[in-house]
Amino acid sequence: MPDLAGKKVLVAGAGVAGTACAEALRSVGARVLVSDQNTAIADIGEQDALALVPEHDLVVVSPGVPNTAAIPSAAAAAGVPVWGDAELAWQIGERSKRWLVVTGTNGKTTTTSMLESILLAAAEPAVACGNIGHPVAAAVLGPARTLAVELSSFQLSRAPSIRPLAGVVLNIAEDHIDWHGSMAAYTEAKARALGGQIGVVNLDDPVCAALEVPGRRVGFRLGEPAAGELGIVGGMLVDRAFGSVALLPAEQIRPAGPAGLADALAAAALARAWGASPEAVAAGLRAFSPGAHRGEIVAEHGGVEYRDDSKATNPHAALNAIQAHQNVVWLAGGQLKGAQVDILVERVAPRLRAVVLFGQDKCVLADALRRHAPQVPVVVVENRDDGGMFDDAAELMRAAVAHAARHARPGDVVLLAPAAASLDQFTGYAQRGKLFADAARGVLSG
């Protein structure tokens with residue numbers, strides 16, 4: 001553990017993660033200055049902090065701040081070390097705490113929550129933290145002995161020192177290419193989760209399966225597992241890596257479908273690496289309930305289900321969401337963040353009844369649909385029917401759902417799986433999902 005007592009540390013970003021970092025640094029005696037664009041919640045404004053960067057011993061950067069931003073760029077130019085929140089937590093945390101790290105393009109929060117549920121079923125003082133909402137810099141100073149740590153590619157890119165007891169990479173698909181600069185850099189960041197004693201990889205994902213694991217390698221797959229793997233045999237989740245034992249029936253996993261089963265196998269692998277019994281794994285997975293905006297049914301009418309998968313913020317997640325159903329009226333659009341959508345559209349085209357598009361990159365999706373699904377009706381929602389601008393995001397979503405409802409037939413699913421981020425038109429994926437649910441209930445009741 002580095003001696004940070006008396007060191008001058010600049011924390012860039014005064015959000016949840018930045019505030020937790022500042023508190024953690026003060027707890028070890030560092031002299032902390034917090035900067036943010038919003039000076040009402042920081043010690044100093046971002047621009048004023050730039051001139052002070054060379055005077056500091058360390059800069060700690062909040063997860064979403066890219067390396068090209070002003071403060072990390074200034075730190076690099078001045079030779080000042082730059083840490084992310086996860087690196088700080090690892091450096092100052094007690095080594096008696098055991099880290100189980102979860103990353104991947106999709107399924108991180110579900111897997112991390114499943115893992116926490118298993119650990120609690122095993123009577124272990126544990127907490128889910130990191131990108132899931134509870135800052136890891138706060139968790140390392142708390143009472144939990146074992147940390148189920150969800151880490152994004154942003155966090156891992158600035159966490160070269162982390163060596164967890166076990167870590168998993170769930171899947172890797174195009175996402176955040178605009179932030180990392182290339183698919184190779186994004187993949188390299190994700191692979192850092194595997195640098196500890198045990199590295200767990202998804203063998204059904206070719207990119208994951210090819211990743212190098214420095215320590216013990218454990219794989220999981222949706223088919224029958226070989227030795228050293230977890231998988232599914234005769235409808236049962238089976239562990240052949242930490243013994244040879246059946247865990248629980250696949251039909252008891254929620255959310256149902258291939259993505260949910262893969263997440264459950266990943267959580268089980270990490271828990272078994274920690275030492276959880278088969279009984280604890282089964283109990284924890286049975287007790288788990290999926291979070292909001294992950295495919296939940298929010299309305300039903302006339303034989304049509306309305307499902308909110310607003311958390312599907314990239315093409316890979318949208319693919320998983322759509323492939324769980326046969327006939328889909330798809331609501332999509334937002335910020336694609338540099339990801340390509342042709343493969344997604346080509347693979348889901350046979351399942352699409354119609355598509356309703358909105359958001360910043362709607363035209364990118366519309367072009368892909370013209371190329372790969374020309375037979376599918378597409379509605380692009382830009383303005384009200386009278387040509388006027390929408391007053392707010394709620395009105396836009398009501399219009400989108402109304403268009404979807406007109407195309408849906410009994411047995412269909414109207415599915416919000418945007419394949420894109422939400423900050424162009426909404427405050428976040430949660431607001432987008434809530435407005436979809438409100439609109440679905442409102443259209444049906446109206």
Side-chain angles (χ1 to χ4, degrees), residues 105-107 110 171 173 204-205 221-223 232 235 249-265 290 292-334 341-358 362 365-366 368-381 397 400-420 432-433 436-437 439-441 443-444:
T105 302
N106 298 301
T110 297
N171 42 63
D204 292 330
D205 183 300
R221 64 174 79 241
L222 294 182
I232 300 176
E251 65 183 14
Q252 295 181 3
I253 300 299
R254 295 293 180 273
L261 290 170
D263 294 344
L265 287 165
H293 313 299
R294 292 169 172 81
E296 61 185 322
I297 299 174
V298 296
E300 295 182 74
H301 181 72
V304 176
E305 292 181 351
Y306 290 73
R307 287 184 175 265
D308 166 21
D309 209 325
S310 185
K311 192 67 169 64
T313 57
N314 55 64
H316 185 266
L319 174 65
N320 287 336
I322 296 169
Q323 287 187 326
H325 310 287
Q326 290 301 316
N327 298 302
V328 174
V329 180
W330 180 28
L331 279 73
V341 295
D342 286 83
I343 293 175
L344 162 65
V345 172
E346 187 174 12
R347 293 180 65 178
V348 303
R351 300 173 184 266
L352 299 179
R353 176 82 68 194
V355 180
V356 180
L357 300 175
F358 50 84
K362 55 186 177 292
L365 284 158
L369 285 157
R370 277 192 288 271
R371 287 191 294 272
H372 304 292
Q375 76 285 1
V376 176
V378 176
V379 179
V380 178
V381 180
M397 186 60 77
V401 171
H403 283 296
R406 295 186 194 108
H407 286 278
R409 302 175 188 175
D412 289 355
V413 173
V414 173
L415 176 66
L416 174 67
R432 180 170 59 186
F436 170 77
R441 297 172 188 133
V443 167
L444 302 182

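Residue indices begin at 1 and follow the sequence shown.
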Margin query: Applying side chain to side chain donor-acceptor pair (under 3.5 Å), can you list everything that pairs with D342, at least two apart in sequence or on another chain?
Written below: R371, H372
Next item on the list: Provide the closest heavy-atom pair for V329 versus A408 in the form atom of the first, atom of the second, distance.
Entry: CG2-CA, 3.9 Å
Check: Heavy atoms, side chains only, cut-off 4.5 Å: are V414 and V401 in contact?
Finding: no
Note to self: Are H407 and P377 packed together at the side-chain level, in the sense that at least one heavy-atom pair is separated by less than 4.5 angstrom?
What the structure shows: yes
Margin query: Working note: V356 + V381, criterion side chain to side chain contact (heavy atoms under 4.5 Å, CB included); need CA distance, chi angles, decisive distance, verdict.
Written below: CA-CA 7 Å; V356 180; V381 180; 3.6 Å; yes
Check: So, for A417 and A318, which heavy atoms are closest and what is the spacing to 0.1 Å?
Finding: O-CB, 3.7 Å
Item checked: For A332, side chain to side chain contact (heavy atoms under 4.5 Å, CB included) partners two or more places apart -> W330, L357, L365
Checklist line | Taking every non-hydrogen atom, the tightest pair across S310 and G433 | finding: OG-N, 3.5 Å
Notebook entry, point to check: Measuring from F358:CZ to H403:NE2, what's the distance to the nearest 0.5 Å?
Noted result: 12.0 Å
Item checked: P315 and its side chain to side chain contact (heavy atoms under 4.5 Å, CB included) partner, picked from N320, V341, N106, T105 -> V341
Margin query: Considering only residues two or more places apart or on different chains, which pairs with a residue in residues 407-417 satisfy salt bridge (charged side-chain N to carboxylate O under 4.0 Å, His left out)?
Written below: R353-D412
Next item on the list: First locate atom CG of L261, then atom CD of E251, and finally report the distance between them rounded to the nearest 0.5 Å.
Entry: 11.0 Å
Next item on the list: List the atom of L416, the atom of F436, and the distance in Å for their closest heavy-atom pair.
Entry: CD2-CB, 3.5 Å
Checklist line | D204 side chain to L222 backbone, donor-acceptor under 3.5 Å | finding: yes
Next item on the list: May I have all residue pairs that pass salt bridge (charged side-chain N to carboxylate O under 4.0 Å, His left out) and include part of residues 304-319, sequence neighbours excluded?
Entry: E305-R307
Note to self: Can you tell me how far apart CG (L369) and CD (Q375) are? Round to the nearest 0.5 Å.
What the structure shows: 9.5 Å
Margin query: How long is the straight-line distance from CG of D263 back to CD1 of I253, given to the nearest 0.5 Å?
Written below: 10.0 Å
Check: What pairs with A437 under side chain to side chain contact (heavy atoms under 4.5 Å, CB included), at least two apart in sequence or on another chain?
Finding: V298, R441
Let me have the donor-acceptor pairs involving side chains of residues 343-352, under 3.5 Å, with sequence neighbours excluded, atom names and distances please.
{"unit_1": "R351", "atom_1": "NH1", "unit_2": "Q323", "atom_2": "O", "d": "3.3"}
{"unit_1": "R351", "atom_1": "NH1", "unit_2": "H325", "atom_2": "O", "d": "2.6"}

